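One structure is given here, and the rest of the page talks about it.
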Amino acid sequence: QVQLVESGGGLVQPGGSLRLSCETSGITFSINTMNWYRQAPGKQRELVAGITSDGSTNYADSVKGRFTISRDNAKNTVYLHINSLKSEDTAIYYCNSHRIHVFTRKPVDYWGQGTQVTVSS
């Protein structure tokens, strides 16, 4: 059974920091690209950061320089370090695992339940 469990969200003042965690089980973590998405009220879900199996990272322009994604393959966990939080970062943050099935070449994606981040004074 595949599980992705996010944690670390909460209420933070503008300018503050958070570390989100996503602990996984039931997948071969090391071969997956791991992504963090977010969805703000009334908006579409957007990709904010990703890290490939070899450690390459990518970020949405809106978070570059403030967000850092990292992974610990020994713990099957991906992290999102968020600094200099802004009100527009308020959203539910979702963890995603992604890989291409080796035989079918189809994408295999799993999602966590999300963790709420609220930035407010």
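Bear in mind the structure is a predicted one, so any value in this text is a computation, not a measurement. For this chain, numbers begin at 1 and follow the sequence in order.
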Flag, side chain of [X] to backbone of [Y], donor-acceptor distance under 3.5 Å:
{"X": "Tyr79", "Y": "Thr68", "result": "no"}
{"X": "Glu6", "Y": "Cys95", "result": "yes"}
{"X": "Thr90", "Y": "Val119", "result": "yes"}
{"X": "Asp72", "Y": "Ala74", "result": "yes"}
{"X": "Ser21", "Y": "Ser7", "result": "no"}

Kindly check if the number of other-residue, nucleotide or ligand heavy atoms within 6.0 Å of CD (Gln44) is above 12? no

Taking atom OH of Tyr110 as the centre, report whether more than 12 heavy atoms of other residues, nucleotides or ligands fall under 6.0 Å from it. no

Using 0.5 Å steps for rounding, measure from the [atom1] atom of [X] to the [atom2] atom of [Y].
{"X": "Thr33", "Y": "Arg99", "atom1": "OG1", "atom2": "CZ", "answer": "11.5 Å"}
{"X": "Cys22", "Y": "Gln3", "atom1": "SG", "atom2": "CD", "answer": "11.0 Å"}
{"X": "Leu18", "Y": "His81", "atom1": "CG", "atom2": "NE2", "answer": "11.5 Å"}
{"X": "Asn73", "Y": "Met34", "atom1": "CG", "atom2": "CE", "answer": "10.0 Å"}
{"X": "Gln116", "Y": "Thr118", "atom1": "CD", "atom2": "OG1", "answer": "4.0 Å"}
{"X": "Thr77", "Y": "Arg71", "atom1": "OG1", "atom2": "CZ", "answer": "10.5 Å"}

Would you say that [X] contacts [Y] through its side chain, given a criterion of any heavy-atom pair below 4.5 Å between the two side chains?
{"X": "Ser120", "Y": "Leu11", "answer": "yes"}
{"X": "Pro107", "Y": "Ile100", "answer": "yes"}
{"X": "Arg45", "Y": "Asn96", "answer": "no"}
{"X": "Val78", "Y": "Phe29", "answer": "yes"}
{"X": "Ile82", "Y": "Val12", "answer": "no"}

Looking only at heavy atoms, what is the nearest atom pair of [X] and [Y], with distance?
{"X": "Ile69", "Y": "Tyr59", "result": "N-OH, 2.9 Å"}
{"X": "Asp89", "Y": "Ser84", "result": "OD2-O, 4.3 Å"}
{"X": "Ser97", "Y": "Ile27", "result": "CB-CD1, 3.8 Å"}
{"X": "Ala60", "Y": "Leu47", "result": "CB-O, 3.5 Å"}
{"X": "Glu23", "Y": "Lys75", "result": "CG-O, 4.5 Å"}
{"X": "Arg38", "Y": "Ala91", "result": "CB-CB, 3.8 Å"}

Membership question, hydrophobic clusters at under 4.5 Å side-chain separation (ILVMFWY): are [Y] and [X] in the same one?
{"X": "Trp111", "Y": "Trp36", "result": "no"}
{"X": "Val117", "Y": "Leu80", "result": "yes"}
{"X": "Tyr37", "Y": "Leu20", "result": "no"}

Where does the angle between the aromatic ring planes of Tyr93 and Phe67 fall among parallel (under 30°), tilted (30 to 60°) and perpendicular (over 60°)? tilted

